[in-house]
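We use all heavy atoms of the structure for the numbers below, so side chains are in, but hydrogens, waters and symmetry mates are not.
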Amino acid sequence: MIDLLAPGEQVVAVGNYLVSARANLEIVRGCDGAGAMFLVVSAMLAYPANLGRKLAGVLAAAGFMYLLNLLRIAAIYFVVAYYPAWFLPAHTYFAPTLIVLLGCLFFAWWAAWARSDADGQRRVS
């Protein structure tokens, strides 16, 4: 993904490392985005929606959160490569907070969709 965004980086994956001339980033357990994905999926499963909409939401959430995590790892790579002093705050505070916030927004969007009737009309509760 990084090479698609910036072909000049010439990043290669070696085991659980992203390696280039500029950076060497280790991807460790816990950096897979599973925690944020489980948070969103758990909220969907607990939400009062029909099974079909829950299943659609869970599948969409898994894809969305996976893509967000790939973007997070790519962003962290660029931080390590170009602004190494920012690695700790970006990795520890900014990126996780942004992932959870975007997951919450995705859940809110899904919940609004899940509460609508089949004809697209909003139900009044």
Could you pull out the closest heavy-atom pair between [X] and [Y], with the gap in Å?
| X | Y | answer |
| --- | --- | --- |
| Ala61 | Val40 | CB-CG1, 3.9 Å |
| Leu25 | Ile73 | CD2-O, 4.1 Å |
| Arg53 | Ser116 | NH1-OG, 3.1 Å |
| Gly57 | Phe106 | O-CE2, 4.3 Å |
| Ala36 | Ile99 | CB-CG2, 3.6 Å |

- Message: In terms of relative ring orientation, are Trp110 and Phe107 parallel, tilted or perpendicular, with 30° and 60° separating the classes?
- Response: tilted
- Task: Anything under 30° is parallel, anything over 60° is perpendicular, the rest tilted; go ahead and classify Trp113 against Trp109.
- Result: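 Rings of Trp113 and Trp109: parallel, under 30°.
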Do [X] and [Y] sit in one hydrophobic cluster, given that two such residues count as connected whenever their side-chain heavy atoms are within less than 4.5 Å of each other, even indirectly?
| X | Y | result |
| --- | --- | --- |
| Ile2 | Tyr83 | yes |
| Val12 | Ile27 | no |
| Tyr82 | Val80 | yes |
| Phe64 | Leu98 | yes |
| Leu51 | Tyr47 | no |

Are the side chain of [X] and the backbone N or O of [Y] linked by a donor-acceptor pair below 3.5 Å?
| X | Y | result |
| --- | --- | --- |
| Lys54 | Ala114 | no |
| Asn69 | Cys31 | yes |
| Asn16 | Glu26 | no |

Approximate separation, where rounding is to 0.5 Å, of [X] [atom1] and [Y] [atom2]:
| X | Y | atom1 | atom2 | result |
| --- | --- | --- | --- | --- |
| Phe78 | Leu5 | CZ | CG | 5.5 Å |
| Phe87 | Tyr77 | CZ | OH | 13.5 Å |
| Leu59 | Met44 | CG | CE | 10.0 Å |
| Met1 | Leu71 | CE | CG | 4.0 Å |
| Leu45 | Leu55 | CG | CG | 9.5 Å |
| Arg72 | Met65 | CZ | CE | 10.0 Å |

- Item | Crowding at OH, Tyr93 (>12 non-hydrogen neighbours, <6.0 Å) | no
- In terms of heavy-atom contacts, does CG of Leu105 have more than 12 from other residues, nucleotides or ligands at under 6.0 Å? yes
